[in-house]
*Asks:* 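Got a structure here, written out as structure tokens. Questions coming.
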Amino acid sequence: MRERVIIDFETTGLSAMMGDRATEVAAVVIDETGIIDRFQSLMNGGRQIPLFVQQLTGISNLMIRQAPKAETVMRQLFDFIAGRPLVAHNASFDHGFLSAELDRIGESCPTGLLCSMKVARRVYPEAPNHRLATLIAHTRIEATGQYHRALADAEMTALLWLRMEQKLQHDFALPEVPLDLMRRIQTAPCKTLDKFVDSFKRRTWPGLNPLTHP
DNA sequence: TGCCAGGCCCTCTTTAGGGCCTT
């Protein structure tokens, strides 16, 4: 069973380094069959949410005051992740908050988060842009909820990730799509995806036809 | 509403600058 955990944070702002805190987190587990488990919670980090962000997310200061303490939620999240590989859309953003919030409970942050935005820039170079909502529409995935809420964004990122794996497997006739391939794709030159995947395919499965589908 | 940050990516580049993406 090859499980990956897709995470998404809602926060008070853009920078954990500048004192912003997480206000909501969600994580969904996927395997080859789709989404198989979910975790979601508001969390109280004790920092006021700017009006603009309240309007963006629908998460109010009152909701946060009534939410469990951030430390409690992060302990639950850490146990939920259970060491499985992590994926996020624009992973550097979520990694910053995951690292900062885990540090507060004395846990080290997992390294090597995979980024669905980086992969999407290579798999869907023709997309109008690579925001999550645009990619969901571009790939004709049905939206599962309200954007800018953690669970909906995590679910839609999960479905996008699965769709990209399926496209790669189909277009390049791969026996499977190893996580290592996704990890390498996100750092490959943007304009050379075909050559890059073919090269990976030749090295990983030497007996297979290297030719790709159109 | 759009700043605050930071890493990535492109190009009229590389001794740089600006747009994208996340809240």
Side-chain angles (χ1 to χ4, degrees), chain A residues 5-28 40-64 67 70 73-74 77 86-104 109-139 141 143-161 164 182-196:
Chain A
V5 179
I6 288 74
I7 63 168
D8 186 77
F9 281 99
E10 304 305 318
T11 70
T12 62
L14 294 177
S15 175
M17 296 287 288
M18 297 290 287
D20 286 315
R21 296 294 305 272
T23 57
E24 186 181 44
V25 65
V28 302
Q40 177 273 331
S41 181
L42 292 166
M43 51 198 285
N44 184 355
R47 185 174 172 98
Q48 289 287 110
I49 309 172
L51 179 58
F52 164 68
V53 181
Q54 292 184 57
Q55 292 171 337
L56 178 72
T57 64
I59 299 172
S60 67
N61 284 310
L62 176 60
M63 292 164 67
I64 292 308
V73 175
M74 290 306 296
L77 176 69
L86 292 173
V87 178
H89 198 70
N90 195 11
S92 64
F93 173 85
D94 291 281
H95 183 263
F97 283 93
L98 179 65
S99 178
E101 298 291 351
L102 284 177
D103 190 56
R104 294 174 185 273
C109 184
T111 59
L113 263 71
L114 290 149
C115 181
S116 55
M117 185 184 73
K118 286 184 186 177
V119 175
R121 280 181 167 151
R122 290 154 176 82
V123 173
Y124 300 115
E126 77 286 359
N129 59 60
H130 296 88
R131 298 173 194 163
L132 179 60
T134 303
L135 289 165
I136 292 300
H138 181 73
T139 54
I141 293 171
T144 64
Q146 176 192 345
Y147 285 108
H148 298 299
R149 286 303 297 264
L151 182 59
D153 283 3
E155 286 180 337
M156 288 187 277
T157 301
L159 296 176
L160 174 65
W161 188 261
M164 292 193 293
M182 300 298 268
R183 194 178 305 282
R184 288 168 186 266
I185 283 176
Q186 67 178 8
T187 58
C190 279
K191 295 177 179 176
T192 60
L193 180 68
D194 287 3
K195 289 182 179 177
F196 185 85

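Quick note on labels: first sequence line is chain A, next is B, and so on, each numbered from 1.
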*Asks:* Please determine whether side-chain contact (heavy atoms from CB on, under 4.5 Å) holds for the pair Ile7(A) and Leu113(A), giving the CA-CA distance in whole Å, both sets of side-chain angles, and the decisive distance to 0.1 Å.
*Replies:* CA-CA 10 Å; Ile7(A) 63 168; Leu113(A) 263 71; 4.2 Å; yes
*Asks:* Would you measure the distance from the P atom in dG18(B) across to the matching atom in dT13(B) and give it in whole Å?
*Replies:*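 Per the computed distance, 13 Å lies between those P atoms.
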*Asks:* Whole angstrom is fine here: how far is it from CG in Leu14(A) over to P in dC3(B)?
*Replies:*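 Taking atom P of dC3(B) as the reference, CG of Leu14(A) is at 11 Å.
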*Asks:* Could you check which of dA5(B), dT23(B), dT22(B) has an atom nearest any side-chain atom of His89(A)?
*Replies:*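 Comparing dA5(B), dT23(B), dT22(B) against the side chain of His89(A), the answer is dT22(B).
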*Asks:* Measure from CG on Asp94(A) to C1' on dC21(B) and round the result to the nearest Å.
*Replies:*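 So the CG-C1' distance, Asp94(A) to dC21(B), works out to 11 Å.
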*Asks:* Mind checking the P distance from dC20(B) to dC12(B)? Whole angstroms is fine.
*Replies:*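 Rounded to whole Å, the distance is 16 Å.
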*Asks:* Once ring pair (Phe, Tyr, Trp, His ring centres under 6.0 Å) is applied, do any residues pair with Phe196(A), and if so which ones, sequence neighbours excluded?
*Replies:*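 For Phe196(A), no residue satisfies ring pair (Phe, Tyr, Trp, His ring centres under 6.0 Å) once neighbours in sequence are set aside.
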*Asks:* Across the strands shown, which category fits Gln54(A) at heavy-atom distances under 4.0 angstrom: base, sugar-phosphate, nothing?
*Replies:*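 Nothing, no nucleic acid heavy atom in range.
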*Asks:* With heavy atoms under 4.0 Å as the rule, sort Thr12(A) into base, sugar-phosphate or nothing.
*Replies:*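 Since no nucleic acid heavy atom lies under 4.0 Å of Thr12(A), the category is nothing.
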*Asks:* Would you mind telling me which residue lines up with the more 5' stretch of DNA chain B, Pro50(A) or Met17(A), judged by nearest nucleotide?
*Replies:*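 Looking at DNA chain B, the more 5' nearest nucleotide goes with Pro50(A).
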*Asks:* Show me the pairs that pass side-chain hydrogen bond (donor to acceptor under 3.5 Å, both in side chains) and involve residues 109-125 of chain A, at least two apart or across chains.
*Replies:*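 Of all non-adjacent pairs touching residues 109-125 of chain A, those that pass side-chain hydrogen bond (donor to acceptor under 3.5 Å, both in side chains) are His89(A)-Ser116(A).
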*Asks:* In whole angstroms, how far is the C1' atom of dT23(B) from the OH atom of Tyr147(A)?
*Replies:*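 To the nearest whole Å, that distance equals 16 Å.
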*Asks:* Where the side chain of Asp8(A) is defined as all heavy atoms beyond and including C-beta, which of dT1(B), dC21(B), dT23(B) is the nearest nucleotide?
*Replies:*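 Out of dT1(B), dC21(B), dT23(B), the nucleotide with an atom closest to Asp8(A)'s side chain is dT23(B).
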*Asks:* Among dC9(B), dT23(B), dT1(B), which nucleotide sits nearest the side chain of Gln55(A)?
*Replies:*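 My answer, after comparing the listed nucleotides, is dT1(B).
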*Asks:* With P as the reference atom in both, quote the distance from dC9(B) to dC4(B) in angstrom, rounded to an integer.
*Replies:*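 dC9(B) and dC4(B) have their P atoms separated by 22 Å.
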*Asks:* Say we look at dC10(B) and dT23(B): how far apart would their C1' atoms be, to the nearest angstrom?
*Replies:*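 Roughly 25 Å separates the two C1' atoms.
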*Asks:* Within this structure, what is the CD1-to-P distance between Ile7(A) and dT23(B), rounded to whole angstrom?
*Replies:*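 Computing the Ile7(A):CD1 to dT23(B):P distance gives 12 Å.
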*Asks:* Using a cut-off of 4.0 Å on non-hydrogen atoms, how would the nucleic acid contact of Phe97(A) be classed: base, sugar-phosphate, or nothing?
*Replies:*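 It contacts nothing in the nucleic acid.
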*Asks:* Testing the basics here: between Val53(A) and Thr12(A), what is the closest heavy-atom pair and its distance to 0.1 Å?
*Replies:*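 That would be CG2-O, 3.7 Å.
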*Asks:* For the side chain of Asn90(A), starting at C-beta, report the closest nucleotide among dC21(B), dC4(B), dC10(B).
*Replies:*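 Between dC21(B), dC4(B), dC10(B), the one nearest the side chain of Asn90(A) would be dC21(B).
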*Asks:* If we ignore hydrogens and angles and just use 3.5 Å, is the side chain of Glu10(A) paired with the main-chain N or O of Glu24(A) as donor and acceptor?
*Replies:*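 The answer is no, because no donor-acceptor pair under 3.5 Å joins these two groups.
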*Asks:* If you measure only the distance, is there a donor-acceptor pair under 3.5 Å linking the side chains of Ser15(A) and Asp20(A)?
*Replies:*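 No donor-acceptor contact under 3.5 Å links the two side chains.
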*Asks:* Any donor and acceptor pair, going by atom type alone, linking the side chain of Thr134(A) with main-chain N or O of His130(A) inside 3.5 Å?
*Replies:*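 No; zero donor-acceptor contacts below 3.5 Å.
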*Asks:* Do any side-chain nitrogens or oxygens of Lys118(A) fall under 4.0 Å of OP1 or OP2 in dT22(B)?
*Replies:*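 It does not, given that no N or O in the side chain of Lys118(A) lies less than 4.0 Å from OP1 or OP2 of dT22(B).
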*Asks:* Give, ordered by number, those residues of residues 123-135 of chain A having at least one heavy-atom distance below 4.0 Å to an atom of DNA chain B; if nothing qualifies, reply none.
*Replies:*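 Those residues are Asn129(A), His130(A), Arg131(A), Leu132(A).
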*Asks:* Using whole Å, what does the distance between atom P of nucleotide dC3(B) and atom CG of Asp20(A) come to?
*Replies:*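 So the two atoms are 16 Å apart, to the nearest Å.
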*Asks:* Could you identify which residues of residues 148-158 of chain A place a heavy atom less than 4.0 Å from some atom of DNA chain B, listed by residue number, or say none?
*Replies:*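 His148(A), Asp153(A), in order of number.
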*Asks:* The side chain of Ser92(A) is closest to which nucleotide in this list: dT23(B), dC10(B), dG6(B)?
*Replies:*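 Minimum distance to the Ser92(A) side chain belongs to dG6(B).
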*Asks:* Partners of His95(A) by ring pair (Phe, Tyr, Trp, His ring centres under 6.0 Å), sequence neighbours excluded?
*Replies:*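 Ring pair (Phe, Tyr, Trp, His ring centres under 6.0 Å) check on His95(A) returns nothing, list empty.
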*Asks:* For Phe97(A), which residues count as a ring pair (Phe, Tyr, Trp, His ring centres under 6.0 Å) partner, sequence neighbours excluded?
*Replies:*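 With neighbours one apart ignored, the set is Phe93(A).
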*Asks:* Of Phe93(A) and Leu51(A), whose closest DNA chain B nucleotide lies nearer the 5' terminus?
*Replies:*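 Here Leu51(A) is the residue nearer the 5' end.
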*Asks:* For Met117(A) and dC10(B), give me the distance from atom CE to atom P, rounded to whole Å.
*Replies:*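 Between P of dC10(B) and CE of Met117(A): 12 Å.
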*Asks:* Run the side-chain contact (heavy atoms from CB on, under 4.5 Å) test on Asn61(A) and Gln48(A) for me, step by step, so that the C-alpha distance in whole Å, both residues' side-chain angles and the decisive distance to 0.1 Å come before the verdict.
*Replies:* CA-CA 6 Å; Asn61(A) 284 310; Gln48(A) 289 287 110; 3.4 Å; yes
